[in-house]
Amino acid sequence: MAMILTIGLHPAAIDYTKHPGLDEATLTARIEQGHAALRAAGFDAVSCLIGSDPDAAEKTIRERLSEGPFSVVMIGGGVRMAPEHTLLFERLINVLVATTPGIRFCFNTSPETTIDAIRRWV
């Protein structure tokens, strides 16, 4: 089975003023439920929660990649969809392409859609 790396913003790195009705504890629980669903479905997935600093995130990603080889990476919506994280997203894509030739990318829209995103490519 393909090894999967899931990358998302750490719940502590999110500005919740932009997300009424969401808080760190709720998001943490949703992320954990999403990963439990992956494990229950038999996927070999490694979670990588990052902060918003591109340099620190790149370092974290490089460290996680040593746990591979990964054939699929899922990058969460918090990284991709917020304009303030454009540089972060760009750096992640470039690091992943440079260090893991042939890796496939998939994208979720929430922690609950992670398994669907992965199933499209595995």
Side-chain angles (χ1 to χ4, degrees):
M1 166 112 4
M3 278 191 73
I4 301 153
L5 180 63
T6 64
I7 300 173
L9 284 178
H10 191 285
I14 295 180
D15 177 2
Y16 291 97
T17 61
K18 297 178 181 183
H19 306 280
L22 186 62
D23 59 31
E24 186 174 341
T26 301
L27 183 56
T28 298
R30 289 174 59 196
I31 292 168
E32 289 172 0
Q33 289 168 353
H35 254 275
L38 288 174
R39 287 188 302 277
F43 288 109
D44 187 6
V46 173
S47 176
C48 184
L49 296 176
I50 58 172
S52 59
D53 175 68
D55 291 331
E58 180 177 334
K59 181 177 186 259
T60 301
I61 296 299
R62 288 181 182 277
E63 290 168 0
R64 279 287 194 225
L65 287 172
S66 69
E67 298 175 32
F70 295 98
S71 58
V72 176
V73 61
M74 193 289 306
I75 301 177
V79 174
R80 298 184 335 274
M81 296 166 52
E84 65 267 25
H85 298 305
T86 299
L87 176 59
L88 174 63
F89 180 48
E90 184 178 276
R91 286 274 296 270
L92 296 181
I93 293 292
N94 286 315
V95 165
L96 290 160
V97 167
T99 60
T100 316
I103 197 162
R104 298 225 180 229
F105 293 87
C106 63
F107 307 111
N108 68 2
T109 54
S110 70
E112 293 79 15
T113 65
T114 298
I115 197 165
D116 296 328
I118 289 170
R119 282 185 174 144
R120 289 191 296 265
W121 293 101
V122 175

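Worth knowing before you read on, the calculation uses all heavy atoms, side chains too, and leaves out hydrogens, waters and symmetry mates.
- For the pair N108 and R80, the minimum side-chain heavy-atom distance is below 4.5 Å.
- Taking 4.5 Å as the limit, every side-chain heavy atom of V122 sits out of range of all side-chain heavy atoms of S71.
- Put simply, the side chain of T26 never gets that close to the backbone of L22: no donor and acceptor are under 3.5 Å apart.
- Side-chain contact between E90 and L87: present, with at least one pair of heavy atoms (C-beta onward) separated by less than 4.5 Å.
- Each of V46, I118, I103, T6 was evaluated against V73; a single residue qualifies, I103, per the side chain to side chain contact (heavy atoms under 4.5 Å, CB included) test.
- Using modelled atom types, no side-chain atom of R91 and backbone atom of E58 make a donor-acceptor pair closer than 3.5 Å.
- The two atoms that bring G78 and L9 nearest to each other are O-CD1, 3.5 Å, heavy atoms only.
- Counted by atom type alone, D116 and T113 present zero donor-acceptor pairs between their side chains at under 3.5 Å.
- Interatomic distance, CG of D44 versus CZ of F70, reported as 8.0 Å (0.5 Å rounding).
- Side-chain contact between I93 and I75 is present, with at least one heavy-atom pair separated by less than 4.5 Å.
- Between R119 and A41, the shortest heavy-atom distance links the atoms NH2-CB, 3.8 Å.
- At a threshold of 4.5 Å between non-hydrogen side-chain atoms, the residues L92 and F105 do not count as touching.
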